[in-house]
Amino acid sequence: QVQLVESGGGLVQAGGSLRLSCAASGRTLGIVAMGWFRQGPGKLREFVAAITWSGGRTTYAVSVKGRFTISRDNAKNTVYLQMNSLKPEDTAVYYCAAGRGPFVTTEADYDSWGQGTQVTVSS
């Protein structure tokens with residue numbers, strides 16, 4: 001069992017930045033990848049970004065590529081999402097997830113999920 005706790009969400013103006021953090025605890029040894037998903041109002045949960053734990057290979061949704069950066073600190077069992085040039089359409093609850101396999105872009109690829117942190121971008 002892996003426990004994930006997100007933090008760093010909040011209210012920001014369009015064009016601004018936020019940095020989300022996700023701390024993993026529990027049985028973290030088997031984590032292969034960690035990712036971020038988001039769910040906006042009236043929308044389905046969608047993939048945002050992911051990073052493999054060992055090699056640090058990153059994957060981004062087209063909608064955030066060039067604006068968001070995912071990184072990790074293996075020693076701290078923590079993954080980060082640096083969000084720059086935020087747009088109102090980025091408004092969503094952001095969820096951190098941990099998976100034990102190499103596939104990262106769908107919800108089914110992950111075993112554990114955090115509680116979510118709200119990001120609101122005002123125009």
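This chain uses plain numbering: 1 for the first residue, then up along the sequence. Remember, it's a predicted structure, so these values are computed and weren't measured experimentally.
Using cut-offs of 30° and 60° for the angle between ring planes, the F47 and F37 rings count as perpendicular.
Rounded to the nearest 0.5 angstrom, S112 OG and L4 CG are separated by 5.5 Å. Atom CE of M34 and atom OG1 of T78 lie 7.5 Å apart (nearest 0.5 Å). Here the straight-line distance linking atom CD of Q3 with atom CD of Q115 works out to 12.0 Å at 0.5 Å rounding. Between atom CZ of residue R27 and atom CD of residue Q1 there is a gap of 9.0 Å, rounded to the nearest 0.5 Å. The structure places CD of Q13 at 9.5 Å from OG of S123, a figure rounded to the nearest 0.5 Å. With values rounded to the nearest 0.5 angstrom, R19 atom CZ is found 5.0 Å from Y80 atom OH.
Residues M83 and R67 have side chains not in contact (no heavy-atom distance under 4.5 Å, counting atoms from C-beta outward). Within the 4.5 Å cutoff, the side chain of L81 has no heavy atoms near those of the T69 side chain. Put simply, the side chain of L20 reaches to within 4.5 Å of the side chain of T117, judged on heavy atoms. Q82 has its side chain out of reach of S71: every pair of non-hydrogen atoms, C-beta onward, lies at least 4.5 Å apart.
Closest of all the heavy-atom pairs between T52 and R72 is O-NE, 3.9 Å. The nearest pair of heavy atoms linking P88 to A14 is CD-CB, 4.2 Å.
Between the side chain of T91 and the backbone N or O of T120 there is no donor-acceptor pair closer than 3.5 Å. Side-chain N or O atoms of E6 include none that pairs as donor or acceptor with a backbone N or O of C22 at under 3.5 Å. Counting only distance, with no hydrogens or angles, the side chain of R100 and the backbone of D109 share no donor-acceptor pair below 3.5 Å. Remark: side-chain polar atoms of Y110 are paired, donor with acceptor, to backbone N or O of V104 under 3.5 angstrom. The closest donor-acceptor contact from the side chain of Y60 to the backbone of I70 lies under 3.5 Å. The backbone N or O of I51 lies less than 3.5 Å from no partner atom in the side chain of R57, so there is not a single donor-acceptor pair. A donor-acceptor contact shorter than 3.5 Å is absent between the side chain of N84 and the backbone of F68.
For the side chain to side chain contact (heavy atoms under 4.5 Å, CB included) with V2, the qualifying choice from D111, L29, I31, N77 is I31, the only one to do so.
Geometrically, R38 does not engage Y95 in a cation-pi contact defined by less than 6.0 Å to the ring centre and at most 45° from the axis.
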Check: How far apart are the C-alpha atoms of V79 and W36, what are their side-chain angles, what is the distance that settles it, and do they pass the side-chain contact (heavy atoms from CB on, under 4.5 Å) test?
Finding: CA-CA 9 Å; V79 64; W36 290 94; 4.0 Å; yes
